[in-house]
Amino acid sequence: EVQLQASGGGFVQAGGALRLSCAASGSVSGFTFDGSALGWYRQAPGKEREGVSCFSSSDGRTYYADSVKGRFTISSGDTKRTVFLQMNNLKPEDSAVYYCAAYRSCMSWYSSSFEYSGHGTLVTVSS
């Protein structure tokens, strides 16, 4: 079984920054982290789930939602089982629960089709 643990959320004022971390553990037949992707999506109350960013473990490419481009940066740790999301210049509209998820590829991230997801971490940005 694959488990994902997200952390790093908190309360910040607009313009502030937070760094989210995600650690994946476990294994399952038919899914390997080396050739897959780790990413983030968020969900605010009353709003649809939104893909935020994705890191492709196979080629190191990164993908971002238009709403966060230029402000958020996704990166991978020393292993392909960790991923970070540096969030700068936060806006109140970034407030949401952020979830880390494992995808077959970042193409799956575009369609919000994750294989595994963990508990989220709450980000609150005040105006």
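Model, not experiment: these values are computed from the prediction.
Looking at D94 and K91, no side-chain N of the basic residue comes within less than 4.0 Å of a carboxylate O on the acidic one, giving no salt bridge.
For R104, the salt bridge (Lys or Arg N to Asp or Glu O under 4.0 Å) partners are E115, not counting sequence neighbours.
Within the 3.5 Å criterion, the main-chain N or O of V125 finds a donor-acceptor partner in the side chain of S95. In this structure, S58 contributes its side chain and G35 its backbone to no donor-acceptor pair below 3.5 Å. Without hydrogens or angle criteria, T124 side chain to A96 main chain gives no donor-acceptor distance under 3.5 Å.
Looking at heavy atoms from C-beta onward, F72 lies in side-chain contact with V52 at the 4.5 angstrom threshold. Side-chain atoms of S67 and E50, non-hydrogen and from C-beta on, do get closer than 4.5 Å to each other. Side-chain contact check for Q43 versus V97: every heavy-atom pair is 4.5 Å or farther apart. Side-chain contact between T73 and L85: absent, with no pair of heavy atoms (C-beta onward) separated by less than 4.5 Å. By the 4.5 Å heavy-atom criterion applied to side chains, W40 and L20 are counted as neighbours. Between W109 and Y63 the shortest side-chain heavy-atom distance falls below 4.5 Å. Residues S57 and F33 have side chains not in contact (no heavy-atom distance under 4.5 Å, counting atoms from C-beta outward).
Both tests pass for R19 against the ring of F84: distance under 6.0 Å to the centre and angle within 45° of the axis.
Using modelled atom types and a 3.5 Å distance limit, the side chains of S75 and Q86 yield no donor-acceptor pair.
No close placement of the Y41 and Y98 rings is indicated, their centers lying 6.0 Å or farther apart.
Closest approach of N88 and A17 over heavy atoms only: OD1-CB, 3.4 Å.
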Inset, instruction - Step by step, work out the side-chain contact (heavy atoms from CB on, under 4.5 Å) result for F114 and S108. - result: CA-CA 7 Å; F114 58 77; S108 299; over 6 Å; no
Legend entry - Pair V83-C100, side-chain contact (heavy atoms from CB on, under 4.5 Å): steps then yes or no: CA-CA 9 Å; V83 69; C100 176; 4.2 Å; yes
